[in-house]
S.K.: 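Supplied in structure tokens, the structure appears directly below.
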Number of protein chains: 2
Amino acid sequence: MANIKDIARVAGVSVATVSRALSTPSLVRPATIERIEAAIADLNYEPNHLAAGLRRQRSDNVIVAVPSIFNPFTSAFVEGIENVARANKMRVLLGITEGDIDTLNKYVSMIAGKQADGMILLEKTLPDIVRNPPTKSKMPPLVAACEYPPDITLPRVRTDDHEASALVVGHLAELGHTRIAAITGPLDQFMSKDRLSGYKLGLLRARIEVDEAIIATGDFSLQSGYDAMLRLLDADPQFTAVTCANDEMALGALSALQQRGISVPDEMSVTGFDDLRFGAFSSPPLTTVHIPTVEIGEAAMRLMLDSLLQPDQVSASREVILPHRLIVRQSTAAPKKRRKA
Amino acid sequence: MANIKDIARVAGVSVATVSRALSTPSLVRPATIERIEAAIADLNYEPNHLAAGLRRQRSDNVIVAVPSIFNPFTSAFVEGIENVARANKMRVLLGITEGDIDTLNKYVSMIAGKQADGMILLEKTLPDIVRNPPTKSKMPPLVAACEYPPDITLPRVRTDDHEASALVVGHLAELGHTRIAAITGPLDQFMSKDRLSGYKLGLLRARIEVDEAIIATGDFSLQSGYDAMLRLLDADPQFTAVTCANDEMALGALSALQQRGISVPDEMSVTGFDDLRFGAFSSPPLTTVHIPTVEIGEAAMRLMLDSLLQPDQVSASREVILPHRLIVRQSTAAPKKRRKA
DNA sequence: TTGTAGGCGTTATCAT
DNA sequence: ATGATAACGCCTACAA
């Protein structure tokens, strides 16, 4: 492979000029640039990014740490990050952790190892370095999305899940429901807790008492929504609506209801959360809260770019909150028929 | 940040020994290794991957080029690649192309620029370099998945979509259907053509004549499946089954049928393709063909590792074909009722 | 506007 | 088993 020296020789200039022609063309005479570009085309030259990175001490990569990408919420998030990264000449390194904290910590150390310049997190656990900042070396640029407790001091982007959940419950209450069940996410995740507390807030506002007997816990998967729905149905014959902490579980719940022959929304109203496109084509189409997932990724990447530009502004930990909105489809309606036991 | 020189000094050895302790410990005396490891822990040393890469002429990254990751099929594929990459100390660089050939070609040139060692493709178009191999420099390691025509000479992994489609049609024919519609993918994609020809093969085997009037084209999206279903319904009152070229479109079709009040499977049988987990929880659950998407990614990454190990074996372009299998759920049944006009 | 040269942090070759 | 040292290819003062 040709290198910058070859180009310099062929173009009859010094390597410095070639380097400048590539990175700061304004400093080079147009005629010279032309000769250099000719040489580049001629020799099929491609700058060695490793060498440049070594010299400039950065890789132009950003790690995205997620438990798994095999899930529409996460992949939309990653897509958003990639969009902005690409537009800014950065690359996305995929860091799948499977929820393992050691793996996550290893990804963090890749930053010190210059494999990446920073990391965007969509994880339920924080890497150790956040709680134990390094004394000698400096803190790597980190951006958090969605999942984290309020006391950490990272730049972060999220939606107001608390209010969003309350909003859904409000919608059901307005329709006339007075007994509203919930299927939550795993309660070791901050996001799940937030959505659960929002559910309770919604009930409070509607002057409905919380009944723990009709709160079931899932793990955000279709199957867990299905299972949780069956558990609720068996536990209580009275409730007429159920709010699920994400669309996947809501779709699972829909499937369970269909199997039990309980009609939605006549006998049971069901709501989701996230607004996956699958929810728009379920039977019936799912009432849900739109979460701007792609935009969350984009905002996170922008925060990352900010951190990268101002390495010392660590304390300027900004928080971006993106708007949600209620999407009413056909899975919710006023309670009509009594459910048959 | 501490570097290898610092470690050498603190441990009282040369840089060469430190390097060896890290990469080939068997060549270093255990006692020495211990001193080195102590120094590493002490100084919080992390090897600079950029420097190592420059020296060794590789980045340990592999690019995955996909039109979009925001889709369960693709994300499963990427997850499979990441699994194997991680196990082999390689990283996945996400290359989203949005179907743009220039973007794709740029990703290819990143290999020459040492940002990555090779590329795995899940695209409907091939990068230029495949048709015009470079004369001076050597061909970058490329692995293709699923989408490509048979005449190219890349290592590749795929399923037998042709037979799989025929299998689905066979299933419907066995149930007694004689008028079977199809919703295909975009016909500029090889994968779509393959699935379409498999559909025709299935009809042939069942001695059913092909009727182009009940073949509609979609773009693999939910919405397009929904739209295509409505078009078919309006065009022909007779058919009793429809096979869709992927699960997303089948789910869209299900939604259209539900809206028209046509019951599945009593009045209409519907089949999908891919076996997304959403299909298992639709109403009714979707009969489909299981495609081992994650495994396809894993196999592709293994082919990549092979190519990387034997840079000259370009001609040894292996092809891996992974098995599919029919998943019969409740969206297919013997034709019963007549559809109402 | 252009050139010279030092150095980024490693690995690998060749000695010892 | 260990050490000295020359690359790897680029960027960026500094000099001209």
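Below, chain A is the first sequence line, B the second, and so on; all start at residue 1.
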S.K.: Considering every strand and a 4.0 Å limit on heavy-atom distances, what is the contact class for B:Val13: base, sugar-phosphate, or nothing?
M.R.: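 Sugar-phosphate, no base atom in range.
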S.K.: To the nearest angstrom, how far is B:Leu22 atom CG from D:dA1 atom P?
M.R.: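 Result: 17 Å.
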S.K.: With a non-hydrogen cut-off below 4.0 angstrom, is A:Ser23 in contact with a base, only sugar-phosphate, or nothing?
M.R.: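 Nothing: the residue A:Ser23, judged by heavy atoms under 4.0 Å, touches no strand.
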S.K.: For the residue pair B:Leu22 and B:Pro47, establish whether any side-chain heavy-atom pair is separated by less than 4.5 Å.
M.R.: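 Yes. Closest side-chain heavy atoms under 4.5 Å.
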S.K.: Ignoring the backbone of A:Arg29, work out which of D:dG3, C:dT2, D:dT2 is nearest its side chain.
M.R.: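 The listed nucleotide nearest to A:Arg29's side chain is C:dT2.
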S.K.: Can you check nucleotides 7-10 of chain D for protein contacts, nitrogen or oxygen pairs under 3.5 Å, and list what you find?
M.R.:
{"residue": "D:dA7", "atom": "N3", "partner": "B:Arg55", "partner atom": "NH1", "Å": "3.2"}
{"residue": "D:dC8", "atom": "O3'", "partner": "B:Gln57", "partner atom": "NE2", "Å": "3.3"}
{"residue": "D:dG9", "atom": "OP1", "partner": "B:Gln57", "partner atom": "NE2", "Å": "3.0"}
{"residue": "D:dG9", "atom": "N2", "partner": "A:Ala51", "partner atom": "O", "Å": "3.4"}
{"residue": "D:dC10", "atom": "OP1", "partner": "A:Tyr45", "partner atom": "OH", "Å": "2.5"}
{"residue": "D:dC10", "atom": "OP1", "partner": "A:Asn48", "partner atom": "N", "Å": "3.1"}
{"residue": "D:dC10", "atom": "OP2", "partner": "A:Ile4", "partner atom": "N", "Å": "2.4"}

S.K.: Can you tell me if B:Glu123 and B:Thr97 form a side-chain donor-acceptor pair at under 3.5 Å?
M.R.: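 Short answer, yes.
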S.K.: Compare side-chain N and O positions of A:Thr17 against OP1 and OP2 of C:dT2 and report whether any pair is under 4.0 Å apart.
M.R.: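 A:Thr17 to C:dT2 OP1/OP2: no side-chain N or O under 4.0 Å.
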S.K.: Quick one, B:Arg86 and A:Glu98 - any side-chain contact, counting heavy atoms below 4.5 Å?
M.R.: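 Yes, side chains in contact.
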S.K.: Please report the distance, rounded to the nearest Å, between CG in B:Leu43 and C1' in C:dG9.
M.R.: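 Roughly 15 Å, once rounded to whole Å.
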S.K.: Can you tell me the distance, in whole Å, between the CG atom of B:Asp6 and the P atom of C:dG9?
M.R.: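 The answer, rounded to whole Å, is 9 Å.
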S.K.: Within the structure, does a side-chain N or O atom of A:Arg20 lie under 4.0 Å from either OP1 or OP2 of D:dT12?
M.R.: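 For D:dT12, neither OP1 nor OP2 has a side-chain N or O of A:Arg20 closer than 4.0 Å.
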S.K.: Report yes if some heavy atom in the side chain of A:Leu305 is under 4.5 Å from a heavy atom in the side chain of A:Met90; otherwise report no.
M.R.: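 With C-beta onward as the side chain, the pair touches.
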S.K.: In whole angstrom, what separates A:Ile33's CD1 from C:dT1's P?
M.R.: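 The distance from CD1 of A:Ile33 to P of C:dT1 comes to 10 Å, rounded to the nearest Å.
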S.K.: Indicate the atoms forming the closest heavy-atom contact of A:Pro72 with B:Phe70, along with that distance.
M.R.: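 Scanning both residues, the minimum pair turns out to be O-CE1, 3.8 Å.
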S.K.: To the nearest angstrom, how far is A:Arg9 atom CZ from C:dT2 atom P?
M.R.: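 Result: 19 Å.
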S.K.: Answer yes if the side chains of A:Asn71 and A:Thr74 hold a donor-acceptor pair under 3.5 Å, and no otherwise.
M.R.: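 Per modelled atom types, A:Asn71 and A:Thr74 side chains form a pair under 3.5 Å.
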S.K.: Hey, could you give me the NZ/CD1 distance between B:Lys138 and B:Ile111, rounded to the nearest 0.5 Å?
M.R.: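 B:Lys138 NZ to B:Ile111 CD1: 11.5 Å, rounded to 0.5 Å.
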S.K.: For the pair made of CD1 in B:Ile7 and C1' in C:dT11, what is the distance, rounded to whole Å?
M.R.: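 So the CD1-C1' distance, B:Ile7 to C:dT11, works out to 16 Å.
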